[in-house]
Amino acid sequence: MTLITQEFCDRPVEQVARALIGATLCRRSREGLTSGVIVETEAYLPEGDSAAHSFIGPNRKNASMFGPPCRAYVYTIHARQCVNVVTEAQGIGCAVLIRALEPLGGRALMEVRRGTDVLRDLCRGPARLTEALGIGRDLDGWPIDRGTRLWIDIPDDPPAIDVTVTPRIGVTSAEEMPLRFVVAGSSYVSGTRRQNTPIA
DNA sequence: CTACCGATTGACT
DNA sequence: GTCAATCGGTAGA
């Protein structure tokens, strides 16, 4: 495993979203180390994507989306947190939303944070995984290529993974573009059977 | 200051 | 499958 790099993130956002499948998201806090394998992502485009938080232009909330690539963009929704990886060059304004993990390390701590011992429910959903890993707004803008607090490891020899591409979940304000990437058949991804079926 | 709403979740039929 | 709770951020008066 090798730390993610700025070069990795400074590519078209759909490409990065696909490439992040199979990578490991890691979080070290005072309470301990927690981690999981990324099994579901969504791309939010820089232009013409009315569902992207960057669509209305830079403001205080989405500022890190317009910052350098390879940093975290953490936002609040429905009193919960979601985490993204900022992609492409600084000033562009696009990111990859991490939507689900297969739990890896620190399972006991994740169970306490989530209030359940059901493995499948620990990290299945964008706000669930941030709760399980203890990711808050304090990590908004954090560089994820340094291996401290919050980072991503990329496998050196990525195994071939069968990835299904579908429309994004919960997006109402944009066309249903195929921008969601899930590990085919994984039980750790969010969404219904139908939502995880490739578009015909 | 109040009003509104969402890249969601969990409880329920 | 349906539906409402949730609350911080933002817009507007």
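Numbered from 1 within each chain, the chains take letters A, B, ... in sequence-line order.
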* Give the intermediate values and the outcome of side-chain contact (heavy atoms from CB on, under 4.5 Å) for residues A:W142 and A:T148. => CA-CA 10 Å; A:W142 187 260; A:T148 61; 3.4 Å; yes
* To do: Let me see the working for A:V13 and A:V96 under side-chain contact (heavy atoms from CB on, under 4.5 Å), right down to the final yes or no.
  => CA-CA 7 Å; A:V13 61; A:V96 174; 3.7 Å; yes
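The six-membered or imidazole ring of A:Y75 lies near that of A:H53, with a centre-to-centre distance under 6.0 Å.
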* **Footprint string (nucleotides 8-13 of chain B, 5' to 3'): B base within contact, S backbone only, - free, heavy atoms under 4.0 Å** => BSS---
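For the pair A:R107/A:L122, a side-chain contact is recorded, criterion being any heavy-atom separation below 4.5 Å from C-beta on. Residues A:M65 and A:N84 have side chains not in contact (no heavy-atom distance under 4.5 Å, counting atoms from C-beta outward).
A:R71 and A:T87 share no side-chain donor-acceptor pair at under 3.5 Å.
Nucleotides of DNA chain C with any atom under 4.0 Å from a heavy atom of chain A span, from 5' to 3', C:dG1 to C:dT10.
A:T130 places a side-chain N or O within donor-acceptor distance of the main-chain N or O of A:Q81, the cut-off being under 3.5 Å.
Heavy-atom contacts from other residues, nucleotides or ligands closer than 6.0 Å to CZ of A:R146 number 12 or fewer.
Distance check: A:E88 CD to A:L45 CG gives 8.5 Å after rounding to the nearest 0.5 Å.
Among A:L3, A:I152, A:I144, A:V85, the one residue that satisfies the side chain to side chain contact (heavy atoms under 4.5 Å, CB included) test with A:C70 is A:I144.
The distance from atom CD of A:Q195 to atom P of B:dA7 is 15 Å, rounded to the nearest whole Å.
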* Structure fact -> Parsed dot-bracket for DNA chain C after applying the Watson-Crick and G-U rules with both distances under 3.5 Å and | for other-strand partners is |||||.||||||.
